Amino acid sequence: MNSVGEACADMKREYDQCFSRWFAEKFLKADCSGDPCTDLFKRYQQGVQKAIKEKEIPIEGLEFMGHGKEKPE
Amino acid sequence: MRVWSSEHVFGHPWDTVIKAAMRKYPNPMNPSVVGVDVLERSVDSRGRLHSHRLLSTEWGLPGLVRAILGTSRTLTYIREHSIVDPVGKKMELCSTNITLTNWVSVSERLVYTPHPEDPGRTVLTQEAVITVKGISLGSYLESLMANTISSNAKKGGTGSIPGRGIKILRAVLCGEKKKTKQSKREVIFFIIQNIDAKLET
């Protein structure tokens, strides 16, 4: 699947593979051990945020986007 | 405003369906979704996974419409928020268009839960609210889009509804770019006939 930012397609693929593995093998089994994909997500996000700004896609609150635990509901 | 809802049962347990749902794209049943990006992802204090995603949809305007618009730009964007509760076994997904909002609002909500009588099966309930703004054909177009949503749902709830709905609406609205009232009507009816023909195939 493509990304909105053509330049971050490879990083997206790496992140997606990491996430799919963690989601199926840990998260769905209610395993609360650490998320191994945080660094991959940060690198992928840099490309995505740049593409969103360049294409002027109207995403609100973009500057607060992130990847982590204990986020308020 | 038009509301549409539907229920579908998958012959697989909830975990299997959710793993597939999270990897729904690319989806040959809905090739208009051409890009998916994760904007934010986190686990809340109740252990539920929140994901915010951006979907890029390409809806391929007919040549006549491109000529009228004088543009080939056809990407539409949809924002999606999903919440997965692995303990309560519930996935909820809400999406809405964030472009073309001056003309149409298509909001969709999907909920996946285990079947109450059979843990080997999963129930998906879908609902969509469509609002077409500021044009006299509003009610007709809302019906057209609701029919499309219903048609997609019969494919097993695998379609991206807002993208397809916006595609149809935009094709019809492009008639409004013509200068004279009569030629405007002719273009609109021409496009509607073509859309109806496609929906029946």
Side-chain angles (χ1 to χ4, degrees), chain A residues 1-9 11-38 40-53 55-73, chain B residues 13-27 30-31 33-58 73 75-91 96-102 112 160:
Chain A
M1 195 78 259
N2 293 331
S3 169
V4 67
E6 292 82 8
C8 47
M11 287 182 281
K12 170 184 150 61
R13 198 164 31 249
E14 264 191 84
Y15 167 71
D16 282 346
Q17 282 169 0
C18 178
F19 170 76
S20 294
R21 214 162 29 239
W22 170 81
F23 184 74
E25 295 169 13
K26 302 278 187 188
F27 179 76
L28 283 184
K29 297 176 183 171
D31 181 336
C32 302
S33 55
D35 177 359
C37 310
T38 310
L40 283 172
F41 185 76
K42 275 183 194 157
R43 284 203 295 270
Y44 159 48
Q45 272 303 290
Q46 283 168 1
V48 168
Q49 289 186 20
K50 186 165 174 277
I52 286 171
K53 281 179 185 154
K55 296 185 180 184
E56 297 180 344
I57 300 170
I59 305 282
E60 289 168 7
L62 181 61
E63 61 273 18
F64 299 114
M65 296 296 174
H67 192 272
K69 292 197 175 190
E70 304 297 332
K71 183 177 153 51
E73 295 171 43
Chain B
W14 184 85
D15 280 36
T16 303
V17 172
I18 296 313
K19 281 182 227 172
M22 292 297 274
R23 293 156 57 185
K24 193 158 111 173
Y25 303 109
N27 180 357
N30 186 9
V33 177
V34 298
V36 179
D37 282 293
V38 180
L39 302 175
E40 183 184 12
R41 197 162 251 157
S42 60
V43 178
D44 67 20
S45 56
R46 288 163 56 180
R48 304 178 307 171
L49 178 73
H50 292 253
S51 302
H52 290 266
R53 301 200 304 177
L54 175 71
L55 273 56
S56 309
T57 67
E58 169 64 68
R73 184 176 170 178
L75 275 177
T76 308
Y77 296 101
I78 293 156
R79 184 164 182 173
E80 175 198 274
H81 176 208
S82 63
I83 305 173
V84 182
D85 180 349
V87 174
K89 292 199 184 301
K90 180 179 176 187
M91 174 169 174
T96 188
N97 58 300
I98 56 172
T99 51
L100 299 184
T101 49
N102 287 338
Y112 297 84
S160 167

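Numbers restart at 1 for each chain; the letters A, B, ... are given by sequence-line order, proteins then strands. All figures in this text were calculated on a predicted structure; none of them were measured in a lab.
Contacts with chain B were tallied for A/I57, A/D16, A/V48; A/I57 has the most, counting heavy-atom pairs under 4.5 Å.
For a residue to count as touching a neighbouring chain, one of its non-hydrogen atoms must lie under 4.5 Å from one of that chain's; by this rule B/L54 touches chain A with the side chain only. If you measure heavy-atom distances from B/V87 to chain A, the contacts under 4.5 Å come from the side chain alone. Looking at B/I18, both its backbone and its side chain come within 4.5 Å of chain A, counting heavy atoms on both sides. Looking at A/S3, the atoms closer than 4.5 Å to chain B (heavy atoms on both sides) sit in the backbone and in the side chain alike. Heavy atoms closer than 4.5 Å to chain B are found in both the backbone and the side chain of A/F27.
The side-chain tip of B/R41 points at the ring of A/F19 from less than 6.0 angstrom away and within 45° of straight on.
Across every non-hydrogen atom of A/Y15 and B/V38, the tightest pair is CE2-CG2, 4.1 Å.
B/D85 meets the salt bridge (Lys or Arg N to Asp or Glu O under 4.0 Å) test with no other residue; sequence neighbours excluded. Take A/K50 and apply the side-chain hydrogen bond (donor to acceptor under 3.5 Å, both in side chains) test, not counting sequence neighbours, and it matches A/E54.
Ring centers of B/W14 and B/Y112: at least 6.0 Å apart, outside the cut-off.
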